[in-house]
Amino acid sequence: MEKTLITISRQHGSGGTEVARILADRLGVWYYNREILYIAADKIGFDSLDEQAMEELNYKKSSKYMEGLSVMMGTPGHIPVYNQMYKEQGKIIQKLAGYGSGVFLGRCADYILKDFENVTSVYLYADDEFRQKRLSEAEGREVPMADIKKEDKTRESYYNYYTGQKWGDVTNYDLALNMGKISFEEAADVILSYIEKHR
């Protein structure tokens, strides 16, 4: 298969990590996830932060004051230039995509790579019962639905803010798959079949 770039956006607990790993393994390419966050942090001098602090920095958005200041200064587009983490992650994602094939999980990669060739964007979702059961089994505890919804809200807010698009809107993606209906392997099959047919 020629150069292939796959971006995966997902609801919390829908199985995005598993599907991304299967796709990367099948294609024999790199799979990128949290590594991008740590590389970006290192680039801007935050490499000594612990994981919790890093996660907070990752999802941090600018204040309304800074957003207004950015508009007054004539900053174009949806992405505020003063958010270093988002900017650095975007640069890294584009650089990695320029090197060759890869699977990118989250991090607004579908938006960041929207002008690249050979990109297939995928959105994974599932019903609440499926997600709660899967996460509870994975973590060995009863994961409250409120926690799952909170994580979804965080991802939605972050994505909407930086892309100007609506997270989960199927019109933003090439494929949307209900993971409560198919296995991780079957999802990978569907995605690869789609790519092969739309070359």
Side-chain angles (χ1 to χ4, degrees), residues 4-27 29-37 51-52 54-56 58-59 61 86 89 93 96-97 101-114 119-198:
T4 301
L5 301 171
I6 302 173
T7 69
I8 296 180
S9 301
R10 76 287 189 212
Q11 285 186 316
H12 186 46
S14 61
T17 300
E18 290 79 2
V19 174
R21 286 174 174 162
I22 292 169
L23 287 168
D25 185 57
R26 295 256 197 101
L27 293 170
V29 302
W30 290 103
Y31 150 65
Y32 304 106
N33 185 11
R34 293 185 64 83
E35 297 81 6
I36 293 171
L37 171 63
E51 187 166 344
Q52 181 178 350
M54 194 81 76
E55 198 63 34
E56 290 175 0
N58 179 45
Y59 283 124
K61 300 181 299 184
Y86 181 85
Q89 287 186 85
I93 288 169
L96 291 170
S101 299
V103 180
F104 297 84
L105 183 64
R107 320 224 167 267
C108 302
D110 61 295
Y111 180 80
I112 291 167
L113 298 179
K114 64 185 176 62
V119 178
T120 299
S121 58
V122 181
Y123 181 74
L124 305 180
Y125 66 98
D127 61 63
D128 292 350
E129 183 180 354
F130 172 87
R131 295 192 293 146
Q132 186 173 32
K133 181 180 179 182
R134 199 185 77 75
L135 286 170
S136 296
E137 289 176 352
E139 297 185 20
R141 66 182 182 93
E142 185 67 22
V143 177
M145 198 62 225
D147 290 356
I148 299 172
K149 295 289 189 182
K150 182 179 179 181
E151 178 64 22
D152 279 345
K153 190 65 179 175
T154 300
R155 293 179 182 182
E156 178 183 18
S157 178
Y158 183 85
Y159 181 89
N160 293 357
Y161 181 85
Y162 285 111
T163 69
Q165 300 180 162
K166 183 171 174 54
W167 181 77
D169 182 346
V170 294
T171 62
N172 293 329
Y173 311 94
D174 297 309
L175 287 173
L177 301 177
N178 184 345
M179 296 305 298
K181 304 293 185 182
I182 58 177
S183 69
F184 302 144
E185 292 283 351
E186 288 170 335
D189 289 339
V190 171
I191 294 166
L192 294 176
S193 177
Y194 175 88
I195 292 171
E196 290 174 359
K197 290 178 181 177
H198 292 83

Seminar exercise, completed: Separation between CG (Leu105) and CD1 (Ile6), nearest 0.5 Å, reads 12.0 Å
Problem set entry | Inter-residue atom distance Leu23.CG - Tyr31.OH, 0.5 Å rounding | 11.0 Å
Exercise. What distance do Ile112 atom CD1 and Arg107 atom CZ have between them, rounded to the nearest 0.5 Å?
Worked result: 10.0 Å
Seminar exercise, completed: Of all heavy-atom pairs linking Asn178 and Ala126, the shortest is OD1-CA, 3.8 Å
Exercise. Hey, does Asp147 have a side-chain heavy atom less than 4.5 Å from the side chain of Leu135?
Worked result: no
For this session: Check the pair Asp25 / Arg21 against side chain to side chain contact (heavy atoms under 4.5 Å, CB included), numbers first and verdict last.
Result: CA-CA 6 Å; Asp25 185 57; Arg21 286 174 174 162; over 6 Å; no
Exercise. What are the two closest non-hydrogen atoms of Arg10 and Arg155, and how far apart are they?
Worked result: O-NH1, 3.1 Å
Exercise. So Val119 and Lys114, side chain to side chain contact (heavy atoms under 4.5 Å, CB included) or not? Walk me through it.
Worked result: CA-CA 7 Å; Val119 178; Lys114 64 185 176 62; over 6 Å; no
Exercise. What is the ring orientation for Tyr123 with Trp167, classed by angle as parallel under 30°, tilted 30 to 60°, or perpendicular over 60°?
Worked result: perpendicular
For this session: Provide the closest heavy-atom pair for Tyr194 versus Asp174 in the form atom of the first, atom of the second, distance.
Result: OH-CB, 3.7 Å
Problem set entry | For Leu113 against Ala97, the heavy-atom pair lying closest together | CD2-CB, 3.7 Å
Exercise. Tell me, do Leu96 and Trp30 make a side-chain contact under 4.5 Å, heavy atoms counted?
Worked result: no
Problem set entry | Asp110 and Tyr159: side chain donor to acceptor below 3.5 Å | yes
Problem set entry | Exam field: side chain Asp152 to backbone Gln11, donor-acceptor pair closer than 3.5 Å | no
Exercise. Shortest non-hydrogen contact from Gly168 to Tyr173?
Worked result: N-OH, 3.4 Å
Exercise. Are the side chain of Gln132 and the backbone N or O of Val143 linked by a donor-acceptor pair below 3.5 Å?
Worked result: yes
Exercise. Atom CD1 in Ile195, atom CG in Leu5: separation rounded to 0.5 Å?
Worked result: 9.5 Å
For this session: State plainly whether the residues Lys181 and Asp127 are in salt-bridge range, i.e. N to O under 4.0 Å.
Result: no
Exercise. For atom CD of Glu139, is the number of surrounding heavy atoms from other residues, nucleotides or ligands below 6.0 Å larger than 12?
Worked result: yes
Exercise. How far apart are the C-alpha atoms of His12 and Lys153, what are their side-chain angles, what is the distance that settles it, and do they pass the side chain to side chain contact (heavy atoms under 4.5 Å, CB included) test?
Worked result: CA-CA 10 Å; His12 186 46; Lys153 190 65 179 175; over 6 Å; no
Exercise. Looking only at heavy atoms, what is the nearest atom pair of Asn172 and Ser121, with distance?
Worked result: O-OG, 3.8 Å
Exercise. Which residue, Met179, Lys149, Glu151, forms the side-chain contact (heavy atoms from CB on, under 4.5 Å) with Arg131?
Worked result: Lys149
For this session: Nearest 0.5 Å please: distance from the OG1 atom of Thr4 over to the CG atom of Leu192.
Result: 8.5 Å
Exercise. Could you state the interatomic distance from OG (Ser183) to CG (Asp189), rounded to the nearest 0.5 Å?
Worked result: 7.5 Å
